[in-house]
Enquirer: 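First the structure, then my questions, so here it is.
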Amino acid sequence: MLILGLDTSADDTAAAVSKNDRILSNIRSSQIDMHEEFGGIVPSIARRAHKANISRVVAKALKQANVTFDTIDAIAVTIGPGLAIALEVAIDYVKKTATTQKIIGINHIAGHVYANWAKNRNGNPKDSPEFPLIALIISGGHTELLLMDDHLSFEKIGKTLDDAAGEAFDKVGRMLGFGYPSGAIIEEVAKSGNPEAFEFPRPMEKHDSLDFSFSGLKTAVMYEIKNLGGMHSLSRKKIADIAASFQQAVFDSLLIKTVDACKKYTVKRLVLGGGVVANITLRRIFRKELKKIGVDIFTPPLPNLSTDNAAMIAVAGYYYAQYGRFIADVAMLDRDPIYSVEDM
Ligand code: KG4
Ligand code: ZN
């Protein structure tokens, strides 16, 4: 089955082609330079750029996969969660172009989870995660712990009460003068810093729930910078120390709740997804700590599958198709900006 995946939920115009779960192409047109000066995504700018780019991005994805639109069997498109007027661009595109193709409406968070089931052209890696498992999705918009007993079955067992983990990276990066988005820059700068230089809080550590909170941590970093005389009086070494200590506090917070979740639900497999999972330090810390409690850990197995992309949407589409989850009539395709994975 040839699947065209599409995602315009945020600031990337993304298209990909898969043959079942094997990725044939994965194209993304980033708008970061357009949003950077605003320190976040401006929905109207995102919409305009998606509209300008989507045909070209799809054409590129088809060309790289060496297929034509007519041979596509199904179109898997993100319907939410995301920015309403941005989501609409891919949905409208499907309504205009679809002919004989089956239509699948994908939950973006499910897409981040299914990045872990992606295979390359040759069907590697061979192993896929087995159920039951826990998925930790950490991105710019979401931080969620999900329990999965089977394909397409999600129970939300933890979530952030305020900022998402990636959002905290972006806000702290802004305080340190790094521009937007700053997760990858913080990771780089943190390499020359000491993660124990500053004692930032591990929010929610003492709470019984599996929920997260990052807003207080962000404020603690802000006060520390003020205490030190403001951003402009910080040496390179101090900036690196703050970046490393902040990053460690985020990862410790994520880890504490994830370990609790694995123990509470006696689950032996963890899958990670979302932009923050691009962080190599996070992968290393999680691998080391989860090994201690006998939990196998999966991360998106190919490059460019952690941050937003359409290959994960195509792979999710393959699993939706296995369960007959098609939309009967393309006219019924609609966006759902606050779509929860539990409602799918
Ligand atoms: O999944 P994603 O591309 O978009 C959303 O669905 O939100 O995630 C983007 C987020 C941004 O907040 C960005 O700063 C963060 O992922 N991010 C990182 C890294 N690369 C991207 N955070 C930490 N370390 C990284 N290397
Ligand atoms: Zn995302």
Side-chain angles (χ1 to χ4, degrees), residues 10-11 32 35-42 81 83 136-145 156 158-261 274-279 281-282 285-286 307 338:
D11 60 343
I32 281 174
H35 300 280
E36 190 175 5
E37 63 174 300
F38 303 101
I41 304 173
V42 183
L83 302 167
L136 172 66
I137 301 305
I138 30 183
S139 70
H142 299 270
T143 301
E144 295 182 355
L145 272 170
K156 205 181 286 181
K159 60 186 180 308
T160 181
L161 301 177
D162 39 60
D163 294 347
E167 189 179 357
F169 269 90
D170 295 335
K171 287 179 175 170
V172 165
R174 199 168 174 191
M175 291 175 205
L176 296 172
F178 294 161
Y180 170 86
S182 32
I185 306 170
I186 291 186
E187 175 177 19
E188 192 52 41
V189 172
K191 284 179 186 160
S192 51
N194 172 7
E196 288 167 11
F198 295 95
E199 255 182 64
F200 293 130
R202 272 55 174 163
M204 305 295 287
E205 188 177 0
K206 305 266 181 302
H207 284 243
D208 275 345
S209 80
L210 296 172
D211 291 333
F212 306 97
S213 163
F214 294 106
S215 150
L217 170 59
K218 169 198 69 190
T219 310
V221 175
M222 189 183 80
Y223 281 122
E224 192 61 60
I225 295 173
K226 260 194 190 150
N227 267 344
L228 295 167
M231 167 60 203
H232 297 289
S233 53
L234 298 181
S235 65
R236 286 177 87 103
K237 174 69 180 129
K238 274 272 178 294
I239 292 177
D241 284 347
I242 291 172
S245 303
F246 159 74
Q247 179 175 269
Q248 187 66 45
V250 173
F251 296 165
D252 282 351
S253 289
L254 293 168
L255 194 61
I256 290 165
K257 296 299 175 185
T258 305
V259 167
D260 284 353
V276 181
V277 180
N279 192 300
T281 312
L282 170 128
I285 293 172
F286 266 69
T307 46
I338 54 164

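Residues take their numbers from the sequence shown, with the count starting at 1.
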Enquirer: Does a side-chain N-to-carboxylate-O contact under 4.0 Å join D241 and K237?
Expert: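 Answer for the salt bridge query: yes.
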Enquirer: Where is the tightest heavy-atom contact between S182 and R174, given as atom of each residue plus distance?
Expert: OG-N, 4.1 Å
Enquirer: Atom NE2 of H207 and atom CG of D260: how far apart are they, to the nearest 0.5 Å?
Expert: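 So the gap between those two atoms works out to 13.0 Å.
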Enquirer: Check T258 against L136 and note the closest heavy-atom contact, atom names and distance.
Expert: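 Shortest heavy-atom contact: OG1-CD2, 3.6 Å.
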Enquirer: Going by heavy atoms in the side chains, are F198 and L228 under 4.5 Å from each other?
Expert: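 SC-SC contact between F198 and L228 confirmed.
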Enquirer: Work out which heavy atom in S253 is nearest to a heavy atom in F214; give both atom names and the distance.
Expert: CB-CE2, 3.9 Å
Enquirer: For the atom pair NZ (K226) and CE (M222), what is the distance rounded to the nearest 0.5 Å?
Expert: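 The NZ atom of K226 sits 4.5 Å away from the CE atom of M222.
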Enquirer: Taking all non-hydrogen atoms of both residues, which atom of I185 and which atom of F178 are closest, and how far apart?
Expert: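 Taking every non-hydrogen atom into account, CD1-O, 3.2 Å.
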Enquirer: Taking the side chain as C-beta and beyond, is there a heavy-atom pair between P81 and I338 under 4.5 Å?
Expert: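 No. Closest side-chain heavy atoms not under 4.5 Å.
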Enquirer: Could you walk me through whether I239 and M231 satisfy the side-chain contact (heavy atoms from CB on, under 4.5 Å) test, starting with their C-alpha distance in whole Å, then the side-chain angles of each, then the deciding distance to 0.1 Å, before giving a yes or no?
Expert: CA-CA 8 Å; I239 292 177; M231 167 60 203; 3.8 Å; yes
Enquirer: Would you confirm whether D211, through its side chain, and G158, through its main-chain N or O, come within 3.5 Å as a donor-acceptor pair?
Expert: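 No; judged by distance alone, with no hydrogens or angles, the pair does not exist.
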Enquirer: Do side-chain atoms of K257 reach the backbone of M204 as a donor and acceptor pair under 3.5 angstrom?
Expert: yes
Enquirer: Indicate yes or no for a side-chain donor-acceptor contact from T143 to the backbone of A165 under 3.5 Å, with no hydrogens or angles considered.
Expert: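 Checked: pair present.
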Enquirer: For the residue pair F246 and F169, does the interplanar ring angle fall in the parallel (under 30°), tilted (30 to 60°) or perpendicular (over 60°) class?
Expert: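 Perpendicular.
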Enquirer: Among all residues two or more places apart in sequence or in another chain, which pass the ring-ring contact (aromatic ring centres under 6.0 Å, His included) test with F286?
Expert: none
Enquirer: Would you confirm whether S245, through its side chain, and I242, through its main-chain N or O, come within 3.5 Å as a donor-acceptor pair?
Expert: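 No, S245 side chain to I242 backbone: no donor-acceptor pair under 3.5 Å.
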Enquirer: Can you confirm whether V250 sits close enough to F212 that some side-chain heavy atom of one is under 4.5 Å from a side-chain heavy atom of the other?
Expert: no
Enquirer: Contact between I138 and L282 at the side-chain level, heavy atoms closer than 4.5 Å - yes or no?
Expert: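 Of all side-chain heavy-atom pairs linking L282 with I138, at least one is under 4.5 Å.
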Enquirer: Does CG belonging to N227 count more than 12 external heavy atoms closer than 6.0 Å?
Expert: yes
Enquirer: Working to the nearest 0.5 Å, report the span between CD1 of I186 and CD of Q247.
Expert: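 I186 atom CD1 to Q247 atom CD measures 7.5 Å (nearest 0.5 Å).
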Enquirer: Could you tell me the separation between the CG atom of L234 and the CG atom of L176, rounded to the nearest 0.5 Å?
Expert: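 The distance works out to 7.5 Å.
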Enquirer: Of all the heavy-atom pairs spanning L145 and L210, show the shortest one and how long it is.
Expert: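 The pair with the smallest heavy-atom distance is CD1-O, 3.9 Å.
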Enquirer: So, taking the atom named OG in S213 and the one named NZ in K159, what distance separates them when rounded to the nearest 0.5 Å?
Expert: 11.5 Å
Enquirer: Is there a side-chain contact (heavy atoms from CB on, under 4.5 Å) between D162 and K218 once you walk through the steps?
Expert: CA-CA 11 Å; D162 39 60; K218 169 198 69 190; over 6 Å; no
Enquirer: Do the side-chain N and O atoms of S215 and D163 include a donor-acceptor pair separated by under 3.5 angstrom?
Expert: no
Enquirer: Salt bridge or not for K191 and E187, using N-O below 4.0 Å?
Expert: no
Enquirer: How close do G193 and A244 get, counting heavy atoms only, and between which atoms?
Expert: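 Shortest heavy-atom contact: C-CB, 3.7 Å.
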Enquirer: How many angstroms lie between atom CD of Q248 and atom CG of L255, to the nearest 0.5 angstrom?
Expert: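 Between Q248 CD and L255 CG, I get 9.0 Å after rounding to 0.5 Å.
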Enquirer: Pick out which of K238, H232, M175 makes a side-chain contact (heavy atoms from CB on, under 4.5 Å) with I225.
Expert: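 So the option named by the test is M175.
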